[in-house]
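Since the structure comes first, as structure tokens, the remarks are kept for the end.
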Amino acid sequence: MNLNLLTAHELSESLRSAKITSAHILSDLKDRFDKVEPKVRAYARQPFFKKSSSRNSVDAQLNGIPVSIKDNICSDGDLTECASRILSGFVAPYDATVVKKLKEQGALIFGKTNMDEFAFGSSCENSSFYPTRNPWDLERVPGGSSGGSAAAVAADEAILALGSDTGGSIRQPAALCGVVGLKPTYGRVSRYGLIAFASSLDQIGPMTKDVRDNALLLKVIAGHDKNDATSVDIPVPDYVRSLEKGVRGMRVGIPKEYFVEGMDPEVRQALNDAKAKLESFGVQFGEVSLPHTEYAVAVYYIIATAEASSNLARFDGVQYGFRASHKSVEKEPALISMYKQTRAEGFGQEAKRRIILGTYVLSSGYYDAYYSRALKVRALIKEDFDKVLGEFDLILTPTSPSPAFKIGEKTDDPLSMYLSDIYTISVNLAGLPALSMPCGFTKSGLPIGMQILGKPFAEEDIFRLAFAYEQNTLWHKMKPKL
Ligand code: GLN
């Protein structure tokens, strides 16, 4: 058996009983990487095939397990470029809190995965390196922005991965690649060391082959951190232990606004089948309404771009990464020309679009018309969820309106790209946890994902439902032919 095909919980067992070593796992990952990476291009650069665990104790929860992390998460001494030219050559001088926690539990930081530049996108086509391809169909996108992490897990070039999710960037690629991805509650996982996109929306989360691994990885990375003032001091439950608590009597809402015309019929069918299966386990479903859903995309693209324009102001050619070999411009101070030319050459098209949009909605005269109003509607979207989650334990929706689209299909039409986030962004606006997991395949063999959303800090409930479903289906066992 090639060890790269196994999950972390399977590998941990064999590692503990000394049947295998982590060097075996790395060597099998290397063979797989050599074979499939030229087709998939999931990694931002060559991973570390030789590494020994910083900690070696049997009680460490991820002892000897390689973890692949998105290129926007800092790991000490490693290139961390956010798939952007403006950060080329940037070596992180410290570990993000999630990386520190992984290392404390014996995990190996295996490599950095490809992404849309600064996490702007839903397809990985905005990477300044190269697009990542969907392992199920190399002509199609893996989703984004954590497309590299999703594709690496789906192609068995990774055991566990981390992504980040601002508007769907963990869940949508998880859905399109047929893996499990969780965006935790805002504040559950420290953002310290995550290169910021939109600070009020960003969360780091696990991307894995199955639900048990997801619970295991969340348990390791979650928790309060004094370096992130928005992380919350609530005890971290043992997510793995509560997986098997059962789901009989759980109440799950289905929002009518999410099942509208224009939704792919195969996605609709897969969701209906999943619902029927869950009903047979004693889950009770009811139709619910989230009336402000129709404003979510607009609100998100105001708030997210506003925050991004502010966060990206720090990339000026002085402190980090790239600096243009600038020419002096008449009547302009040399420093100003350097800033301008660095930013003009360093940022890709989508990053520039977002900086311009964000600067516009924050500018005096437009601030109240756009930004302040968006914040008000954000509060209404959150209220919709509060109401429904007062009566229901969870909410079930599709993750993405369609399965993986073709590379190039939406690149000329940013709006249609933005609309592919329709089911995922409200969750970030409301700060809630949500998981995507495979719930079927299209006739042409593309994975379909469903999204399970929960109350703040109730990741346990989400995992319970997800686990019950997974135990009775085989979608997570399917492998792409590469
Ligand atoms: N696709 C969304 C965007 O482009 C979400 C990205 C993300 O979650 N990082 O903003």
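Model, not experiment: these values are computed from the prediction. Counting starts at 1 for both ligands and their atoms, in listed order.
A side-chain donor-acceptor contact under 3.5 Å links D78 and S75.
Not less than 6.0 angstrom separates the ring centroid of F315 from the ring centroid of F90. Between F467 and F463, the ring center distance fails the sub-6.0 Å criterion.
Applying the 4.0 Å criterion to heavy atoms of S145 picks out, from ligand 1, the atoms 9 (N). Atoms of ligand 1 lying under 4.0 Å from any heavy atom of A119, numbered from 1 in the order shown and given with element: 6 (C), 7 (C), 9 (N). The distance from ligand 1 to the heavy atoms of F197 drops below 4.0 Å at these ligand atoms: 9 (N), 10 (O). Applying the 4.0 Å criterion to heavy atoms of Y300 picks out, from ligand 1, the atoms 2 (C), 3 (C), 5 (C), 6 (C), 10 (O).
Contact check on E350 versus R354 returns a salt bridge, with a Lys/Arg side-chain nitrogen under 4.0 Å from an Asp/Glu carboxylate oxygen. Under the 4.0 Å criterion applied to side-chain N and carboxylate O atoms, D413 and K410 are not assigned as salt-bridge partners.
Within the 4.0 Å heavy-atom criterion, the part of R354 lying near ligand 1 is the side chain and not the backbone. Counting heavy atoms closer than 4.0 Å to ligand 1, residue T166 contributes atoms from both its backbone and its side chain.
At under 3.5 Å, not a single nitrogen or oxygen of G144, backbone or side chain, sits near a nitrogen or oxygen of ligand 1. Checked by distance only, ligand 1 and G167 come closer than 3.5 Å through their nitrogen or oxygen atoms.
No side-chain heavy atom of I448 sits less than 4.5 Å from a side-chain heavy atom of W475.
Residue Y301 holds the heavy atom nearest to atom 3 (C) of ligand 1 of all those in Y301, Y418, F118.
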Exercise for review: Take D156 and K209, measure what salt bridge (charged side-chain N to carboxylate O under 4.0 Å, His left out) needs, and give me the verdict at the end.
Suggested key: CA-CA 9 Å; D156 289 305; K209 295 175 190 177; 3.0 Å; yes

